[in-house]
There are 2 protein chains.
Amino acid sequence: MSPGHTAVTLQALPPEPPGPCGEDHCGIREVLDRIGDKWSVLVVVELAKGPRRFRQLQRAIPGISQRMLTLTTRRLGRDGMLERTVFPTNPPQVEYRLSPMGASLAGLVADIADWSRDHQEAIEASRRAWDEEPAADD
Amino acid sequence: MSPGHTAVTLQALPPEPPGPCGEDHCGIREVLDRIGDKWSVLVVVELAKGPRRFRQLQRAIPGISQRMLTLTTRRLGRDGMLERTVFPTNPPQVEYRLSPMGASLAGLVADIADWSRDHQEAIEASRRAWDEEPAADD
DNA sequence: CTGAATCCGGCCAGATACTG
DNA sequence: CAGTATCTGGCCGGATTCAG
């Protein structure tokens, strides 16, 4: 992608794809893309407990791969949710900690967690009822 | 996948896959799987304004396909977030409206939207800074 | 230890056509 | 109008390997 590259004859691929952003859900998409993925929430929750190093994070989050942890921390860093500090030791150590905005996000995640807990049983009950009687549209 | 199939000689693939559910983020995953996907939030936001019919929803949410709207409403219905009412008219009409729990979820989504609005600019600024100077690890 | 790079399989979403 | 069925491509996530 050369930056100085201006609209050739590429039959102008739709510049504005499907922008369902007309009223009150504009920034939601971006935030949900961040916290909605598989691992970001877990990283945020873990970092809310205090600064962690790369390996520490990986051990604290069972099942995450190095690749996914790298991508997740990078994206969170790009969005300003966490700060990365490199200690030029040997072996190298990198510390991750939530930025103020990241801490704020952690609070939001905590709210979601509370809501989840409060409704978890109701949701599971609803699913069971739905799965058992397919003809019952509630 | 035959159900009566017990551990052959497949060098025992880990029976407990990746259960990162040990402390406070148990039900979060399920809720995020619901509101984290591409369309559910938009459907909830739209239904928060009042009951809608299928076609109405689709028109209110640019870019969603029939298939995705069907799947989204079905999943939300299975989780008890909305109720479906069929009017045996001609042509048939189906009305969707948020259940009490769905309305509660809408409140949560509103909180997320508020947070998103409050931090949208900061996030974009962070991204711009990140994208322009790759060497700056903040 | 902390990453980057590559390959690859599965799942999800979009497009399309068909039914009641 | 309200859905279902099928095909298909893309993206994401996991495993592995290489580098600083």
Side-chain angles (χ1 to χ4, degrees), chain A residues 13-14 17-20 29 32-43 47 51-78 82-97 134-135 137, chain B residues 1 10-11 13-14 16-20 29 32-43 46-47 51-78 82-97 130 134-135 137:
Chain A
L13 74 164
R29 184 77 266 132
L32 284 176
D33 283 344
R34 193 59 47 242
I35 68 172
D37 70 73
K38 200 173 182 180
W39 302 111
S40 294
V41 168
L42 302 179
V43 171
L47 285 181
R52 296 288 134 102
R53 302 211 331 274
F54 189 87
R55 211 65 177 119
Q56 269 184 308
L57 275 176
Q58 189 173 11
R59 266 183 259 105
I61 305 174
I64 197 173
S65 60
Q66 301 92 334
R67 171 186 153 84
M68 277 304 105
L69 184 53
T70 299
L71 290 178
T72 302
T73 53
R74 184 187 302 173
R75 288 195 277 242
L76 287 172
R78 190 174 97 103
L82 55 82
E83 290 154 16
R84 204 178 89 113
T85 309
V86 179
F87 296 94
T89 60
N90 188 329
Q93 293 194 359
V94 180
E95 184 186 88
Y96 296 92
R97 53 186 254 277
D137 27 332
Chain B
M1 285 295 184
L10 284 172
Q11 55 184 349
L13 73 164
E16 294 303 306
R29 185 78 265 130
L32 283 176
D33 283 344
R34 193 60 45 242
I35 68 172
D37 70 72
K38 200 173 181 181
W39 302 111
S40 293
V41 168
L42 301 179
V43 171
E46 183 62 24
L47 285 181
R52 296 286 134 102
R53 304 212 326 273
F54 189 87
R55 212 59 177 120
Q56 268 185 306
L57 274 176
Q58 190 173 11
R59 266 183 260 105
I61 305 173
I64 196 172
S65 61
Q66 302 90 335
R67 172 186 153 84
M68 278 303 106
L69 184 53
T70 299
L71 290 178
T72 302
T73 53
R74 185 188 300 173
R75 288 195 278 241
L76 287 171
R78 189 174 97 104
L82 54 82
E83 290 154 15
R84 204 179 88 113
T85 310
V86 180
F87 295 94
T89 59
N90 189 330
Q93 294 193 359
V94 179
E95 185 186 87
Y96 296 92
R97 53 188 254 277
W130 175 287
D137 30 330

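Naming: A, B, ... by sequence-line order, numbering from 1 per chain.
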Handout entry: Side chain proximity check, B/Leu76 to B/Val43, heavy atoms < 4.5 angstrom
Key = yes

Fill in the blank from the handout: Closest non-hydrogen contact found for A/Arg29 with B/Lys38 is NH1-O, 3.3 Å

Handout entry: salt bridge (charged side-chain N to carboxylate O under 4.0 Å, His left out) involving A/Arg97 - partner list, sequence neighbours excluded
Key = A/Glu83

Practice task
Among residues two or more places apart or on two chains, list those pairs meeting salt bridge (charged side-chain N to carboxylate O under 4.0 Å, His left out) that have a residue in residues 57-77 of chain A.
Solution key: none

Practice task
Could you list the residues that satisfy side-chain contact (heavy atoms from CB on, under 4.5 Å) with B/Asp37, not counting sequence neighbours?
Solution key: B/Arg34, B/Trp39, B/Ser40

Completion exercise
Between CD of A/Gln58 and C1' of D/dA15 the distance, given in whole Å, is 12 Å

Handout entry: Phosphate OP1/OP2 of C/dT2 contacted by A/Arg53 side-chain N/O (<4.0 Å)
Key = yes

Practice task
Return the value, rounded to whole Å, for the distance between atom CG of B/Leu57 and atom P of D/dC1.
Solution key: 13 Å

Practice task
Would you classify B/Arg52 as touching base, sugar-phosphate or nothing, given that sugar-phosphate means primed atoms plus P, OP1 and OP2, and contacts are heavy atoms under 4.0 Å?
Solution key: nothing

Practice task
When you get a sec, tell me which of D/dG13, C/dT2, D/dC1 is the closest nucleotide to the side chain of A/Phe54?
Solution key: C/dT2

Practice task
Starting at atom NZ of B/Lys38, determine the distance to atom P of D/dG10, rounded to an integer number of angstrom.
Solution key: 14 Å

Check: protein-nucleotides 4-6 of chain C nitrogen or oxygen pairs below 3.5 Å:
unit_1, atom_1, unit_2, atom_2, d
C/dA4, OP1, A/Arg74, NH2, 3.2
C/dA4, OP2, A/Arg74, NH2, 2.5

Handout entry: Whole-Å distance separating the CD1 atom of B/Ile61 from the P atom of C/dA13
Key = 14 Å

Completion exercise
Separation of C/dA13 atom C1' from B/Leu42 atom CG, nearest Å, is 15 Å

Exercise for the section: For B/Phe87, report the nucleic acid contact type (base, sugar-phosphate, nothing); a contact means any heavy atom under 4.0 Å. Expected result: nothing

Exercise for the section: Starting at atom CG of A/Leu71, determine the distance to atom C1' of D/dG14, rounded to an integer number of angstrom. Expected result: 12 Å

Problem - Spacing of B/Glu95 atom CD relative to D/dA2 atom P, expressed in whole Å - result: 11 Å

Handout entry: Length of the CG-C1' vector between A/Leu69 and D/dT16, whole Å
Key = 17 Å

Fill in the blank from the handout: Per nearest nucleotide of DNA chain C, the residue lying toward the 5' end, A/Pro91 or B/Arg75, is A/Pro91

Completion exercise
Result for 5'-nearest mapping on DNA chain D, choosing between A/Met68 and A/Pro92, is A/Met68

Completion exercise
dist B/Glu95:CD -> B/Leu47:CG (nearest 0.5 Å) comes out at 9.5 Å

Exercise for the section: Determine: side-chain N/O of B/Trp39 to OP1/OP2 of C/dC12, distance under 4.0 Å, yes or no. Expected result: no

Exercise for the section: Identify, with sequence neighbours excluded, every residue that meets salt bridge (charged side-chain N to carboxylate O under 4.0 Å, His left out) alongside B/Arg78. Expected result: A/Asp131

